[in-house]
Asker: 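I'd like to ask some things about the structure below.
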Amino acid sequence: MCGITGWISYDRDLRSEAAALDAMTETMACRGPDDSGTWTQGPAALGHRRLAVIDLPGGRQPMTAGTPDGTVALVYSGETYNFTELRAELTGRGHRFTTDSDTEVVLRGYLEWGDAVAERLGGMYAFAVWDGRRDALVMIRDRMGIKPFYYHPTPDGVLFGSEPKAILANPLVRARVGLDGLRELFTMIKTPGHAVWDGMREVEPGTVVTVDRSGLTTRSYWRLETRPHPDDRDTTVAAVRTLLEDIVRRQLVADVPRCTLLSGGLDSSVMTALAARQLAERGETVRSFAVDFAGQSDHFVADELRATPDTPFVHDMARLARTDHQDIVLDARTLADPAVRRDVIRARDLPMAFGDMDASLLLLFRAVRDQSTVALSGESADEVFGGYRQFFDEDARRADTFPWLLLAGRSFGEDGDIVRPDLAKALDVGRYVSDGYRTAVAGIDRLDGESDFEYRMRRICHLHLTRLVRVLLDRKDRMSMAVGLEVRVPYCDHRLVEYVYNTPWSLKSFDGREKSLLREAAADVIPRSVYDRVKSPYPSTQDPLYARALQDQAKELLARPAHPVFDLVDREKVRLAAHREAAVSTQAARHGLERTLDLALWLDLYRPELSLS
């Protein structure tokens with residue numbers, strides 16, 4: 001896992017731009033604390049920061065290969081879990097390897113198959129190849145969008161990076177956000193390719209972007225396709241278990257300490273159980289970590305989102321799997337610390353308003369990184385298997401919008417509630433979401449004979465797997481890589497995603513509950529308490545001291561009426577939320593304060609030029 005960046009400029013020799021390349025590369029230092037490297041040749045400049053996970057001495061980058069027609073150079077971030085098989089195939093085709101790294105397998109694979117290497121890779125990756133044989137840059141991103149990848153076309157080439165901050169470090173780029181960027185920022189729909197920053201784009205998941213002297217082209221090498229599912233229930237359950245066993249086995253491969261993130265829910269428990277059994281076969285014990293909040297287990301109050309605290313279920317699973325377990329307990333003061341909020345904004349490059357859930361995730365990952373370099377996560381199982389409430393809510397099922405927005409509005413209020421009325425009118429977020437929804441569902445194929453209900457559920461599943469999951473994967477990646485921790489996501493293996501997506505909803509929920517297939521596939525390795533537990537989202541602190549700290553920080557912000565955040569948010573609404581006692585107990589008010597404070601810090605740190613008309 002690493003950070004990559006680069007600059008292609010066909011009108012200049014970039015050997016004279018070493019300082020700019022170094023600045024771009026240095027922004028990726030957190031993603032790659034173990035090593036740094038740059039490579040420049042004529043119009044191409046590549047930068048790399050490395051987190052060493054496989055072949056610690058041999059995987060240095062940028063990695064190059066000489067050919068009679070020119071040099072081919074690679075910067076790569078991620079893991080290719082099937083690299084052993086690919087290496088054997090390439091060896092059989094005459095390639096000779098000098099390292100044991102998956103990076104060299106990807107480079108040699110490109111030499112053999114060109115950009116069609118993408119179809120052969122299984123894993124999470126974002127990489128760029130400078131092909132000196134034809135003076136072209138080839139950028140490739142994994143199928144699910146697990147690893148981030150951004151680019152910014154220029155008049156004579158392109159800039160790229162794992163994160164926007166790498167591109168923003170180049171003197172050619174202005175940090176500017178317009179109305180369309182704010183629309184994306186104030187929604188949670190993850191429009192494919194959108195990067196919020198003006199002029200910047202994402203390499204879309206499952207896509208190859210090629211830049212040469214004639215311009216930029218894109219091609220899709222993978223999309224989530226509709227196919228018949230001929231398997232019955234027993235066969236489907238068995239297939240899911242077989243896939244999970246293979247996926248976890250592959251994702252446990254590392255030359256550094258690894259662990260699991262255990263929340264006490266079904267997703268992380270299944271993954272931890274399988275990992276524990278496989279490592280036990282080698283005489284090893286899996287380490288597991290969970291986040292908790294001071295006093296939460298003793299004073300937990302059930303609400304609409306969370307019926308039970310995590311900790312008792314975490315401990316049940318840890319005992320059954322015999323993991324070496326540790327709870328990471330956080331207090332309200334730490335969660336509300338402006339320094340932590342600042343680190344979150346720097347990690348994400350944007351104010352995403354996940355509040356204490358972002359802060360606690362960053363702090364959890366920071367604590368885990370002290371003892372492990374690689375962690376397996378249960379992220380994305382809800383999207384794959386149908387775990388969220390909106391899958392079962394009739395209003396959400398029928399609504400012609402993104403289902404999670406409907407339920408989020410009930411629980412947290414609309415983000416637009418804090419936006420200045422004049423700006424809200426200019427943004428017209430409702431229309432933006434409506435247009436985005438119509439685009440998102442337009443290309444979803446329907447099986448012959450598929451019922452209206454099954455097709456409706458297929459569309460909902462597709463939206464979660466192509467939109468919502470990318471929001472959460474980006475969050476996971478940014479929070480983990482900010483502390484140099486590689487988090488792997490077994491449930492995003494494309495083989496599992498394809499198989500379960502095409503399983504009819506009647507099978508996905510055959511017992512009337514969420515994630516029926518996953519629960520039944522792992523019934524023999526999880527405790528009964530976890531088997532019976534109702535889905536609970538990622539935890540959020542209930543400590544009123546956290547909300548009061550938000551109010552105090554908002555009052556300090558209100559004492560600075562000239563702050564540019566008040567060009568975006570309604571000062572009077574912020575004032576009411578900051579002074580009303582009732583505000584500490586309402587999710588909507590707390591969410592509004594978190595959004596305001598995040599926006600203010602983002603404006604302070606990045607000083608973006610805002611175009612509000």
Side-chain angles (χ1 to χ4, degrees), residues 144-145 183-192 194 196 205 224 263 265-267 303-307 348 350-358 361 377-417 429-442 444 455-476 489 491-492 497 500-501 505 508-509 513-515 534-540 587-588 590-592 594-595:
M144 293 295 291
R183 291 183 183 106
E184 189 70 16
L185 188 60
F186 285 124
T187 61
M188 199 166 69
I189 62 176
K190 196 65 172 174
T191 303
H194 208 300
V196 177
L224 195 56
S263 71
L266 181 65
D267 316 336
D303 59 25
E304 183 184 4
L305 290 178
R306 299 170 181 87
R348 301 200 70 172
L350 294 171
M352 299 304 295
F354 277 66
D356 73 298
M357 292 187 290
D358 264 354
L361 194 63
S377 165
E379 188 80 82
S380 307
D382 286 310
E383 289 81 7
V384 174
F385 288 97
Y388 294 116
R389 287 187 305 150
Q390 56 263 27
F391 284 99
F392 297 86
D393 185 285
E394 285 304 320
D395 290 338
R397 284 174 166 178
R398 290 193 298 265
D400 287 328
T401 189
F402 299 96
W404 55 90
L405 296 185
L406 194 69
L407 270 67
R410 292 180 194 168
S411 299
F412 302 111
E414 300 292 339
D415 283 341
D417 285 348
V429 168
R431 182 174 179 178
Y432 183 75
V433 169
S434 179
D435 290 346
Y437 174 77
R438 285 195 297 271
T439 300
V441 299
I444 303 173
Y455 182 55
R456 166 66 67 171
M457 296 310 298
R458 178 182 296 280
R459 290 169 64 172
I460 290 174
C461 291
H462 195 282
L463 290 171
H464 282 79
L465 289 167
T466 58
R467 298 304 180 91
L468 181 61
V469 76
R470 295 176 187 173
V471 175
L472 301 178
L473 287 172
D474 185 74
R475 169 179 178 256
K476 178 273 308 171
V489 280
Y491 294 109
C492 273
V497 171
V500 178
Y501 168 68
W505 182 253
K508 286 192 183 83
S509 59
R513 298 185 60 190
E514 76 281 0
K515 293 181 285 194
V534 175
K535 160 70 183 174
S536 184
Y538 182 85
S540 178
Q587 289 281 3
R590 176 170 138 175
H591 185 63
E594 289 172 330
R595 168 67 87 181

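Quick note: residue numbers are just sequence positions, from 1. From a predicted model like this one, the values you see are computed outputs, not experimental measurements. Note that these values count all heavy atoms, side chains included, but never hydrogens, waters or copies made by symmetry.
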Asker: With sequence neighbours left out, what residues match R458 under salt bridge (charged side-chain N to carboxylate O under 4.0 Å, His left out)?
Answerer: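 So R458 forms a salt bridge (charged side-chain N to carboxylate O under 4.0 Å, His left out) with E450.
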Asker: For E594, give me all partners under salt bridge (charged side-chain N to carboxylate O under 4.0 Å, His left out), at least two apart in sequence or on another chain.
Answerer: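 Once residues adjacent in sequence are excluded, the partners of E594 under the salt bridge (charged side-chain N to carboxylate O under 4.0 Å, His left out) criterion are R590.
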Asker: Once side chain to side chain contact (heavy atoms under 4.5 Å, CB included) is applied, do any residues pair with P205, and if so which ones, sequence neighbours excluded?
Answerer: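 With neighbours one apart ignored, the set is R141, R470.
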Asker: V441: what forms a side chain to side chain contact (heavy atoms under 4.5 Å, CB included) with it, not counting sequence neighbours?
Answerer: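 Side chain to side chain contact (heavy atoms under 4.5 Å, CB included) list for V441, sorted by chain: Y437, I444, R459, L463.
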Asker: Just to verify, what does D358 make a salt bridge (charged side-chain N to carboxylate O under 4.0 Å, His left out) with, not counting sequence neighbours?
Answerer: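 Expected list: R348, R475.
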Asker: Mind checking side chain to side chain contact (heavy atoms under 4.5 Å, CB included) for T191 and listing every partner two or more places apart, or none if nothing turns up?
Answerer: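 Scan of T191 (side chain to side chain contact (heavy atoms under 4.5 Å, CB included), adjacent residues dropped) gives E184, I189, H194, Y432.
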Asker: Could I get the full list of salt bridge (charged side-chain N to carboxylate O under 4.0 Å, His left out) partners for R513, not counting sequence neighbours?
Answerer: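 For R513 there are no salt bridge (charged side-chain N to carboxylate O under 4.0 Å, His left out) partners, ignoring immediate neighbours.
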Asker: Parallel under 30°, tilted from 30 to 60°, perpendicular over 60°: which one fits the rings of H464 and Y388?
Answerer: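 Aromatic pair H464/Y388 classed parallel.
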Asker: What pairs with K508 under side chain to side chain donor-acceptor pair (under 3.5 Å), at least two apart in sequence or on another chain?
Answerer: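 With neighbours one apart ignored, the set is empty.
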Asker: Tell me every residue that passes side chain to side chain donor-acceptor pair (under 3.5 Å) with K476, counting only those two or more places apart in sequence or in another chain.
Answerer: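 Applying side chain to side chain donor-acceptor pair (under 3.5 Å) to K476 gives none.
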Asker: Not counting sequence neighbours, which residues clear ring-ring contact (aromatic ring centres under 6.0 Å, His included) with F392? List them please.
Answerer: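 W505.
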Asker: Mind checking side chain to side chain donor-acceptor pair (under 3.5 Å) for E379 and listing every partner two or more places apart, or none if nothing turns up?
Answerer: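 Here no residue qualifies.
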Asker: Using the test side chain to side chain contact (heavy atoms under 4.5 Å, CB included), find all partners of A396 that sit at least two apart in sequence or belong to another chain.
Answerer: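 Checked A396 against side chain to side chain contact (heavy atoms under 4.5 Å, CB included); matches are Q390, D393, P403, L406, L407.
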